[in-house]
Participant: 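Got a structure for you, questions after.
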Number of protein chains: 2
Amino acid sequence: MNIGEIAKLAGVSRSTVSYVLSGKRQVSPELHERITRVIEEAGYRPNATARALAEGSTRTIGLVIPPTGPHLSVDQLHFVGAVAEAAADRDFDVLLSPERQQSFERMVTEKRVDGVILMETVLRDARVTRLIDEGFPFVTIGRTGADDAHGWVDLDYAGLVTEGVRRLSALGHRSIALVNRPQELLDHEYGPAFRAADAFEKATVELEIAGISRCCDDSDDAAAGCLDEILAQAPDTTAILTINERSLAGLVSALSARGKAIPDDVSLLAITSVRNATALRPQISAADVPAAEMGEAAVDALLRRIRSHTEPGPNVLISPPFVDRGSLAPPRR
Amino acid sequence: MNIGEIAKLAGVSRSTVSYVLSGKRQVSPELHERITRVIEEAGYRPNATARALAEGSTRTIGLVIPPTGPHLSVDQLHFVGAVAEAAADRDFDVLLSPERQQSFERMVTEKRVDGVILMETVLRDARVTRLIDEGFPFVTIGRTGADDAHGWVDLDYAGLVTEGVRRLSALGHRSIALVNRPQELLDHEYGPAFRAADAFEKATVELEIAGISRCCDDSDDAAAGCLDEILAQAPDTTAILTINERSLAGLVSALSARGKAIPDDVSLLAITSVRNATALRPQISAADVPAAEMGEAAVDALLRRIRSHTEPGPNVLISPPFVDRGSLAPPRR
DNA sequence: TTGTAGGCGTTATCAC
DNA sequence: GTGATAACGCCTACAA
């Protein structure tokens, strides 16, 4: 069933059917009515591929997801889901690309999509330079180091860490630890890890408090080891700030196993998803990563970019508020 | 840059260029060489949309993901990633569809994809009947109740639960509890929850041991409540079998909080992802859900179905072995 | 207000 | 072995 058959059944030309479908020109009420009914009865739906070819636009965006490795988090799945839903709301589809040369290349060179969203951007990202050279519309989640003019959506890790340190300091803490993402990510110039470490350093210096910063692998086990290191090196630590979602549970149980009560002995403040923060006991005060909001922002930014190649990409820095769940207290004296 | 320009540059016809690209007919070495070089130099890649229209096939499969809700698990993200990677290996792309009428409909009626993979199938699934009526190729993850002839890939929950009960029974346990997925899912006729409950009932009856079966919401908190219910109603419970990945961590800490040691007081056996089972302390003996394998199996099954509409869809029942990680012991006497 | 016809970029069937 | 050329199904100037 194609547009020609509908036209024949309704006794009109193909263009008239097309215009009824698109609404791009007036069609007399009688014809409109008749054609609509025929379409309805035949259950006809225009072929997306043919439309894409004619219009020069696929109405599809690409989403490059990180490889299925140890760093994947539930947050990321939520983000993927949010992107798919936001796109669907705007009548776009989402084409998934595992982060591999071949698949990614195909998406852009064969024009399978109108634009792409890049997850897990690193400070110097080959894909970004590639897309810029190509003149292909894209938006990154996270920024490259160059604060390029392309569009990006990012969590304000620097601001959040600074604010976190301030809050802990305001409560009276004078010795604070930062639990960062894995060393490996820091080495790969992963923005959040990098900016968090940097901001932590600056904030502690400025507020004149002792700060110890540690990378921690993405596991509960690593969290225990990391905690031990911290306590060994800075035994008077009274507060921990963590951006490592995957090891938060391990950190909490390790604290409990070492007889450190939250928040009486150690205050704990995190940047993580609501779910993660509230699934634990005690619940953890945190800046809740708004995956859905970020997904929507990314889709909107990309669509704007697709529609007008000229104007610079929107930059969205998201800074969710800290929510108090009782894991913070003044240091015991 | 399109195939016509390449043809012009190489001084041949478009069809010859096309045949060099597809290899579907012999082209003289000289021409082949010349054309290949021109393609190379121009950086030409055929337009996927035009190809799809001409071939009548999009080389894309649809993946219908569950709504971004509370039941999403890391396993599911891995599955999505595995599907994307398996598809990429076979030169297919993956189009994501949030589980909504509109988006799903679009994918199939507008022929955006050659076939679809349905996640989270329920026993009576409207989407399945829809696709069967349409004659559209698809594969489900999980089965409907009707054991239809369409293709599916499923974890053998019934077999795994039966085997789990046998193992615990063989160790000497006479009072076993099953921690199932949330009641809500059971009510919605979610296959795994349904089949697990059923198999548990049968296995305990057959082996003449006391079995108590409880649904548990997907949270650590719920796990604690669920454990209390179990211990209240069957205080002599010495072993727990769980298929609820999302509450496993909570179950472990609730046991510890109630002074029940694993495995000395209570043996714990799970069906969950490796990561989940090994992230906890103690590590949990489990049948490790092979998300990657399932993703690949689903893609293969679907591609077979796409290539030959006639033969019945392959049915793949996956039953990973239980891995002992020390959370099992004979009951204390 | 409606119809005609060319074009989107490939593939594949004919001829030569 | 190679080249025209008609599909594929839709959109949209251009005519009427």
Side-chain angles (χ1 to χ4, degrees), chain A residues 1-39 42-60 91 93 106-114, chain B residues 1-36 38-39 42-60 91-93 106-114 306-307:
Chain A
M1 181 65 55
N2 62 32
I3 202 173
E5 304 187 40
I6 298 296
K8 201 162 295 174
L9 286 175
V12 299
S13 76
R14 291 178 306 166
S15 56
T16 306
V17 177
S18 176
Y19 284 119
V20 165
L21 251 15
S22 69
K24 287 186 181 170
R25 87 178 182 193
Q26 288 279 354
V27 174
S28 68
E30 310 91 273
L31 280 192
H32 190 103
E33 153 72 13
R34 187 155 93 227
I35 293 172
T36 316
R37 200 175 39 235
V38 171
I39 287 175
Y44 163 76
R45 312 275 3 235
N47 179 301
T49 305
R51 166 184 296 169
L53 183 58
E55 286 188 330
S57 138
T58 58
R59 299 200 193 180
T60 302
D91 276 320
D93 280 322
R106 222 176 32 205
M107 249 180 21
V108 342
T109 59
E110 298 184 359
K111 300 222 172 25
R112 280 176 130 82
V113 299
D114 296 341
Chain B
M1 183 63 57
N2 63 32
I3 201 172
E5 303 188 40
I6 298 297
K8 201 162 292 172
L9 287 174
V12 297
S13 75
R14 288 177 306 167
S15 51
T16 304
V17 177
S18 177
Y19 284 117
V20 164
L21 251 15
S22 70
K24 287 185 182 171
R25 86 177 181 194
Q26 288 279 355
V27 174
S28 68
E30 311 90 274
L31 280 192
H32 190 102
E33 152 71 12
R34 186 155 95 228
I35 294 170
T36 317
V38 172
I39 288 175
Y44 163 76
R45 312 275 3 235
N47 179 302
T49 305
R51 166 182 294 171
L53 183 58
E55 285 188 330
S57 140
T58 58
R59 300 199 192 180
T60 302
D91 276 321
F92 265 72
D93 280 322
R106 223 175 31 204
M107 243 177 28
V108 343
T109 59
E110 299 183 358
K111 300 223 172 28
R112 280 176 131 80
V113 298
D114 296 342
I306 288 173
R307 277 165 193 147

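So that the names make sense, note that chain A is the first sequence line, chain B the second, and so on, each numbered from 1. It should be emphasised that the depicted structure is a prediction, and the values quoted were computed from it without experimental measurement.
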Participant: In chain order, what residues pass the salt bridge (Lys or Arg N to Asp or Glu O under 4.0 Å) check against B/Glu5, with sequence neighbours excluded?
Facilitator: none
Participant: If I take atom CD1 in residue A/Ile6 and atom P in nucleotide D/dC11, what distance separates them, rounded to the nearest angstrom?
Facilitator: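 One finds 13 Å between P of D/dC11 and CD1 of A/Ile6, rounded.
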Participant: For the helix from C/dT1-D/dA16 to C/dC16-D/dG1, how many degrees between its two end axes (five pairs per end), to the nearest 10°?
Facilitator: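 Taking the rotation axis at each end, their angle is 40°.
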Participant: Taking DNA chain C as the partner, which of residues 27-37 of chain A come within under 4.0 angstrom of it by heavy atom?
Facilitator: A/Val27, A/Ser28, A/Leu31
Participant: Looking at every non-hydrogen atom in both residues, tell me the closest pair between A/Thr49 and B/Leu53 and how far apart they are.
Facilitator: CG2-N, 3.5 Å
Participant: Rounded off to whole Å, could you give me the CZ-to-P distance for the A/Arg59 and D/dC11 pair?
Facilitator: 8 Å
Participant: Mind listing the closest non-hydrogen atom pair of B/Thr58 and B/Lys111 along with its distance?
Facilitator: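 Nearest heavy atoms, B/Thr58 then B/Lys111: CG2-O, 3.6 Å.
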Participant: Quick check for you: name the first and last nucleotides of DNA chain C, 5' to 3', having an atom under 4.0 Å from a heavy atom of chain B.
Facilitator: C/dG9 to C/dC14
Participant: Please report the shortest heavy-atom distance between A/Ile3 and A/Arg14, naming the atom on each side.
Facilitator: CD1-O, 3.8 Å
Participant: Residues in salt bridge (Lys or Arg N to Asp or Glu O under 4.0 Å) with B/Arg45, at least two apart?
Facilitator: A/Glu110
Participant: Test of understanding: with side chain to side chain contact (heavy atoms under 4.5 Å, CB included), list the residues that count as partners of B/Ile306, not counting sequence neighbours.
Facilitator: B/Ile61, B/Asp114, B/Pro137, B/Leu302, B/Leu303
Participant: Got a sec, which residues hit salt bridge (Lys or Arg N to Asp or Glu O under 4.0 Å) with A/Arg34, two or more places apart in sequence or on another chain?
Facilitator: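 A/Arg34 satisfies salt bridge (Lys or Arg N to Asp or Glu O under 4.0 Å) with no other residue.
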Participant: Shortest non-hydrogen contact from B/Arg307 to B/Phe92?
Facilitator: NH2-CE1, 4.1 Å
Participant: Under the salt bridge (Lys or Arg N to Asp or Glu O under 4.0 Å) rule, collect the residues that match up with A/Arg37, sequence neighbours excluded.
Facilitator: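 Only A/Glu33 meet the salt bridge (Lys or Arg N to Asp or Glu O under 4.0 Å) criterion with A/Arg37.
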Participant: Between A/Ser13 and B/Tyr44, who's closer to the 5' end of DNA chain C by nearest nucleotide?
Facilitator: A/Ser13
Participant: For A/Arg51 and D/dC10, what is the distance between atoms CZ and C1' respectively, to the nearest whole Å?
Facilitator: 8 Å
Participant: Would you list the protein and nucleotides 12-16 of chain D atom pairs, both N or O, that sit under 3.5 Å from each other?
Facilitator:
residue : atom : partner : partner atom : Å
D/dT12  : OP1  : A/Lys24 : NZ           : 3.3
D/dT12  : OP2  : A/Lys24 : NZ           : 3.3

Participant: Going by the rule side chain to side chain donor-acceptor pair (under 3.5 Å), which residues pair with A/Ser15 if we only count those two or more places apart in sequence or in a different chain?
Facilitator: A/Ser13
Participant: Minimum heavy-atom separation for B/Thr60 to B/Arg112, with atom names?
Facilitator: CB-O, 4.1 Å
Participant: Checking B/Ala54 now: which residues fulfil side chain to side chain contact (heavy atoms under 4.5 Å, CB included) with it, not counting sequence neighbours?
Facilitator: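 Side chain to side chain contact (heavy atoms under 4.5 Å, CB included) list for B/Ala54, sorted by chain: empty.
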Participant: With a cut-off of 3.5 Å and sequence neighbours excluded, list every side-chain donor-acceptor pair involving residues 17-26 of chain A.
Facilitator:
residue : atom : partner : partner atom : Å
A/Ser22 : OG   : A/Ser18 : O            : 3.4
A/Ser22 : OG   : A/Lys24 : N            : 3.2

